[in-house]
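Keep in mind that this is a model prediction, so the values were computed, not measured. What you see below is based on every heavy atom in this structure, not just the backbone, and it leaves out hydrogens, waters and symmetry mates. All chains are named by letter (A, B, ...) in the order of the sequence lines, taking the proteins before the strands, and each is independently numbered beginning at 1.
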Protein chains: 2
Amino acid sequence: MRKAVETAAQVCPVEVAVAVLGGTWKLTIVKYLLEGTLRFGELGRLLPLAGARTLTRQLRELEEDGVVDRKVFAQVPPKVEYSLTALGRSLENIVADLDRWGTNYASAAAQLGERAQQKSG
Amino acid sequence: MRKAVETAAQVCPVEVAVAVLGGTWKLTIVKYLLEGTLRFGELGRLLPLAGARTLTRQLRELEEDGVVDRKVFAQVPPKVEYSLTALGRSLENIVADLDRWGTNYASAAAQLGERAQQKSG
DNA sequence: CAGTATCCTCCGGGATACTG
DNA sequence: CAGTATCCCGGAGGATACTG
């Protein structure tokens, strides 16, 4: 259990959830993996803005937190497959809800933004 | 719209959700506000680990992102009330799900931890 | 009471170069 | 292909002192 998660556990269960899932790219990774196993390079192409080092770390943390499973094939060229654990799959509804909320938020925020512009402009 | 949120919007709706809700304390604040309006000091007492400066910033960001509403009473001693906007209230189910997931995670992680201990110890 | 101002530290995340 | 090593920067979050 990572330190951030332990601290969160002292506070509130929802805080635990954000400690595990809150990193940049993490929930998007989970969202993609919900559709099936992916190799490292495939994830990289799906997330063009994420660097290899960052992507690696996010995946390692998700692995350490028991959300994703990492399978290394001992071959040349190397091949590593990422998939969700049962814990990861249990996020399906939450991810779908957050996706809807985020979509809705984007349009709502666009209107907030317009009003803010009228205030300041 | 905060920069972090804008960046997230370029990536995926779920990333937007974590950009808005991902800060330390934020979802816990929302969880408490779902039960009713709270004053600044009350939130502070509910979150003893959060400093005043941090709490203030989280609340301001939530306000800027249209999740919470801040109402200042022009009186001495000062009084400020925080409540959820419609956007904030729309998080009710998500917060409940994350709370359940976090609770379940804590017990599942305890067992992962035991196994990890057996590996490394 | 509800903050602000100032300073500080830690670490997430990115850029680049290199490797088994 | 799937990383690691190294360096760097910005920003989140905390401690303390002060204020309208």
Side-chain heavy atoms of Leu43(A) within contact of Trp25(A), under 4.5 Å:
no
message: Do Arg89(A) and Ser83(A) make a side-chain contact, defined as non-hydrogen atoms from C-beta onward lying under 4.5 Å apart?
response: no
| task | Please work out if Arg57(A) contacts a base, only the sugar-phosphate, or nothing of the nucleic acid, heavy-atom cut-off 4.0 Å. | result | base
Looking at every strand, decide which applies to Tyr82(B) at a 4.0 Å heavy-atom threshold: base, sugar-phosphate, or nothing. sugar-phosphate
Measuring to OP1 and OP2 of [N], would you say a side-chain N or O of [X] lies under 4.0 angstrom away?
| X | N | answer |
| --- | --- | --- |
| Arg45(A) | dA2(D) | no |
| Arg60(B) | dG3(C) | yes |
| Thr54(A) | dG14(C) | yes |
| Arg2(B) | dG11(D) | no |

Taking for Arg39(A) and for Leu55(B) the nucleotide of DNA chain D with the nearest heavy atom, the one nearer the 5' end belongs to Arg39(A)
query = Does the distance from a Lys or Arg side-chain N to an Asp or Glu carboxylate O, for Glu64(A) and Arg2(A), drop under 4.0 Å?
reply = no
Is the shortest distance from a Lys or Arg side-chain nitrogen in Arg70(B) or Glu81(B) to a carboxylate oxygen in the other one below 4.0 Å? no
Trace of the side chain to side chain contact (heavy atoms under 4.5 Å, CB included) decision for Val16(A) with Thr103(B): CA-CA 8 Å; Val16(A) 172; Thr103(B) 303; over 6 Å; no
Scoring nucleotides 15-20 of chain C by protein non-hydrogen atoms under 4.0 Å (B base, S sugar-phosphate only, - none) yields B----B
In whole angstroms, how far is the [atom2] atom of [N] from the [atom1] atom of [X]?
| X | N | atom1 | atom2 | answer |
| --- | --- | --- | --- | --- |
| Leu27(A) | dG12(C) | CG | P | 17 Å |
| Lys3(B) | dG12(C) | NZ | C1' | 13 Å |
| Leu47(B) | dG3(C) | CG | C1' | 16 Å |
| Glu81(B) | dG3(C) | CD | C1' | 16 Å |
| Leu59(B) | dC1(C) | CG | C1' | 15 Å |
| Lys79(B) | dG3(C) | NZ | C1' | 17 Å |
| Ile29(B) | dA12(D) | CD1 | C1' | 14 Å |
| Lys71(A) | dG3(D) | NZ | C1' | 19 Å |

message = Please evaluate residues Tyr82(B) and Thr37(B) with respect to the criterion side chain to side chain contact (heavy atoms under 4.5 Å, CB included), reporting the C-alpha separation (whole Å), side-chain torsions for both, the decisive distance (0.1 Å), and the verdict.
response = CA-CA 6 Å; Tyr82(B) 292 92; Thr37(B) 296; 5.9 Å; no
Item to complete: List the steps and the verdict of side chain to side chain contact (heavy atoms under 4.5 Å, CB included) for Asp65(B) and Tyr105(A).
Response: CA-CA 9 Å; Asp65(B) 291 340; Tyr105(A) 178 87; 3.3 Å; yes
Before you tell me yes or no, could you show the steps for Lys71(B) and Val80(B) under side chain to side chain contact (heavy atoms under 4.5 Å, CB included), namely the whole-Å CA-CA distance, both residues' side-chain angles and the distance that decides it to 0.1 Å? CA-CA 6 Å; Lys71(B) 184 172 183 181; Val80(B) 179; over 6 Å; no
Cluster link Leu47(A) to Leu49(A), ILVMFWY, side chain under 4.5 Å
yes
Closest of dA2(C), dG14(C), dG3(D) to the Phe40(A) side chain is dG3(D)
Interatomic distance, CG@Leu87(A) vs CG@Asp69(A), rounded to 0.5 Å, equals 12.0 Å
Base-paired stretches in DNA chain C with three or more consecutive Watson-Crick or G-U pairs, both distances under 3.5 Å, amount to C:1-20 with D:1-20
